[in-house]
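Inspection log for the structure reproduced underneath, given as structure tokens.
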There are 2 protein chains.
Amino acid sequence: MISVEEQLKSMKQQMIAKGYKSTVQREATMRVLLEHERDHMSAEDVYMRVKERFPEIGLATVYRTLELLTDLHIVEKMNFGDGVARFDLRSEGHMHMHHHMICSICGEVEEIQDDWLTELEQRVQREYGFDVSDHRLDFIGTFSSCKHGDCRRHCETAS
Amino acid sequence: MISVEEQLKSMKQQMIAKGYKSTVQREATMRVLLEHERDHMSAEDVYMRVKERFPEIGLATVYRTLELLTDLHIVEKMNFGDGVARFDLRSEGHMHMHHHMICSICGEVEEIQDDWLTELEQRVQREYGFDVSDHRLDFIGTFSSCKHGDCRRHCETAS
DNA sequence: TTCTTTATTTAGAATGATTATAATTTAATA
DNA sequence: TATTAAATTATAATCATTCTAAATAAAGAA
Ligand SMILES: [Zn+2]
Ligand SMILES: [Zn+2]
Ligand SMILES: [Zn+2]
Ligand SMILES: [Zn+2]
């Protein structure tokens, strides 16, 4: 596992390599993303977290930073159907996006970090002549813990 | 292949069975969906098509009808990342949602009607204790035809 | 059929997420 | 340090979607 500081450094390098500037606002935003790696935060969520440590930052800056990180393929802009975009860090060294399990009972989103689709991607290529560069796989259903009333949803990301 | 009229009848029955009323606006909307089964239309797209034949219909009614059909699991509300929800008919008799190939060059969305995920769903159950009721699988990439400048995107759904 | 009840539709206003604008500030480079 | 282009800020604007209140229409009863 690579440390937050190292990941931050790597992100900054990617930014600079593409001709973008490294600013304190961008660093603060990236730090929040790294420290809430599996939280699937909305732009507003990120904004509020960044604001705690950098109160003068504007919402538009957070939006612009998230867009930039999306362009750099550092984060993935996702939509789970609740009207807000959510931002998900792409793990370093992983070619493809991780998978999700979304609980119909509590709404919790949990990740599957393996890539289970290599074979299916070859099949898509063979049968449809479609070259896969990335994928999105979400499972909708219920965790057995949630069915027994023991929901795993945390308050922090609840609306 | 079941005819449009038969599908329409089945949809109306489902509606009435759940205590909703059958109205001309709803019928007109469903007819448009059936006649553009693979077009992944936005609410606005549907609205404009319905309006051609039923000019006095309101946008909010189309939104409400699409929401109702989503609740009835007749259509699926999807989001391909362009800021608008798109509505996709669920094929009758198919338990699970079909898969998509999304072209990075032209944006065209093509469907894979088979269900390739049965095994993976069992694996999710085994390894994570998560009962899958539905799934979403999108492949992002390029059609070989598009790479050779012969794009398959039609004008009708282009923005 | 006519009446009654209740859901639905309509048009327009309101909301909420996201993006654009213009003036000001800052980072990078010389 | 001075220059230049990019980034930030605060605010306004936009766009998709939802809400509201009055008018209308569907379903069932008489
Ligand atoms: Zn749950
Ligand atoms: Zn994730
Ligand atoms: Zn294409
Ligand atoms: Zn589809």
Side-chain angles (χ1 to χ4, degrees), chain A residues 8-9 11-30 32 40-51 53-72 75-87 157 159, chain B residues 8-9 11-30 32 40-51 53-72 75-87 157 159:
Chain A
L8 199 57
K9 199 171 139 197
M11 289 183 187
K12 280 198 212 174
Q13 280 169 350
Q14 289 176 68
M15 227 171 229
I16 286 162
K18 296 259 178 178
Y20 299 103
K21 291 178 179 171
S22 170
T23 69
V24 281
Q25 292 91 340
R26 284 175 180 172
E27 172 162 345
T29 305
M30 290 188 286
V32 163
H40 305 95
M41 287 184 287
S42 68
E44 194 80 36
D45 292 337
V46 176
Y47 172 61
M48 290 196 298
R49 291 256 157 69
V50 178
K51 225 169 154 47
R53 279 185 251 163
F54 198 106
E56 63 273 43
I57 201 170
L59 177 57
T61 301
V62 171
Y63 268 100
R64 259 180 289 106
T65 302
L66 290 170
E67 189 191 22
L68 173 58
L69 292 169
T70 303
D71 290 347
L72 294 171
V75 307
E76 179 80 13
K77 188 176 181 179
M78 308 216 79
N79 198 300
F80 293 112
D82 59 349
V84 296
R86 295 184 177 275
F87 297 85
T157 42
S159 60
Chain B
L8 199 58
K9 199 170 137 195
M11 289 182 185
K12 280 197 212 175
Q13 280 169 351
Q14 289 176 67
M15 226 171 230
I16 288 163
K18 295 261 180 177
Y20 299 104
K21 290 178 180 171
S22 171
T23 70
V24 281
Q25 291 92 340
R26 284 175 180 172
E27 172 162 345
T29 305
M30 291 189 285
V32 164
H40 305 95
M41 289 183 286
S42 68
E44 195 79 35
D45 292 337
V46 176
Y47 172 61
M48 290 196 298
R49 292 254 158 70
V50 179
K51 225 168 153 49
R53 279 184 252 163
F54 199 105
E56 62 271 45
I57 200 169
L59 177 57
T61 301
V62 171
Y63 269 100
R64 260 180 286 107
T65 302
L66 291 170
E67 189 191 21
L68 173 58
L69 292 169
T70 303
D71 290 347
L72 294 172
V75 307
E76 179 80 13
K77 188 177 182 178
M78 307 216 80
N79 198 299
F80 293 112
D82 59 350
V84 296
R86 295 184 177 274
F87 296 86
T157 43
S159 59

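All values below were derived from every heavy atom in this structure, side-chain atoms included, with hydrogens, water molecules and symmetry-related copies excluded. By convention in this document, chain letters (A, B, ...) are assigned in the order of the sequence lines, proteins followed by strands, and residues within each chain are numbered from 1.
- Put simply, CG on Asp71(B) is 15 Å from C1' on dA7(C), counting in whole angstrom units.
- Following rounding to the nearest Å, Glu27(B) (CD) and dA25(D) (P) show an atom-to-atom distance of 16 Å.
- The shortest distance between side-chain heavy atoms of Leu66(B) and Lys77(B) does not fall below 4.5 Å.
- A donor-acceptor pair is defined here as one N or O able to donate and one able to accept, closer than 3.5 Å; no such pair exists between the side chain of Thr61(B) and the backbone of Ile57(B).
- Heavy-atom minimum distance, Phe87(B) versus Val75(B): CD2-CG2, 4.1 Å.
- Each of Gly83(B) and Tyr20(B) was assigned the nucleotide of DNA chain D with the nearest heavy atom; the assignment lying further toward the 5' end belongs to Gly83(B).
- Nucleotide dT8(D) holds its P atom 14 Å from the OH atom of Tyr47(A), rounded to whole Å.
- Of the inter-residue distances, the one linking Leu59(B) atom CG with Arg64(B) atom CZ reads 10.0 Å to the nearest 0.5 angstrom.
- Taken residue by residue, residues 53-68 of chain B places heavy atoms nearer than 4.0 Å to DNA chain D at Leu59(B), Ala60(B), Tyr63(B).
- Ser22(B) comes within contact range of the sugar-phosphate backbone alone, with a heavy-atom separation under 4.0 Å but no base atom that close.
- Rounded to whole angstrom, the span from the CZ atom of Arg26(B) across to the P atom of dA25(D) amounts to 15 Å.
- Rounded to whole angstrom, the span from the NZ atom of Lys77(B) across to the P atom of dA16(D) amounts to 14 Å.
- Remark: P of dT18(C) and CG of Asp82(B) are 14 Å apart, rounded to the nearest angstrom.
- For Gln25(A) and dT26(C), the shortest distance from a side-chain N or O to OP1 or OP2 is not below 4.0 Å.
- Atoms CE (Met15(A)) and C1' (dA28(C)) sit 15 Å apart, rounded to a whole Å.
- Under a cut-off of 6.0 angstrom, the local environment of OH in Tyr20(B) is sparse, with at most 12 non-hydrogen atoms contributed by other residues, nucleotides or ligands.
- Computed from coordinates, the Ile16(B) CD1 to dG28(D) C1' distance equals 13 Å when rounded to whole Å.
- Using a 4.5 Å cut-off on side-chain heavy atoms (C-beta onward), Glu44(B) and Val84(B) make no contact.
- OP1 or OP2 of dT9(C) has at least one side-chain nitrogen or oxygen of Thr23(B) nearer than 4.0 Å.
- A salt bridge links Asp45(B) with Arg86(B): the closest approach of a Lys/Arg side-chain nitrogen to an acidic carboxylate oxygen falls below 4.0 angstrom.
- Contact of Lys21(A) with dT26(C) (side chain to base): no donor-acceptor pair of N or O atoms is detected under 3.5 Å.
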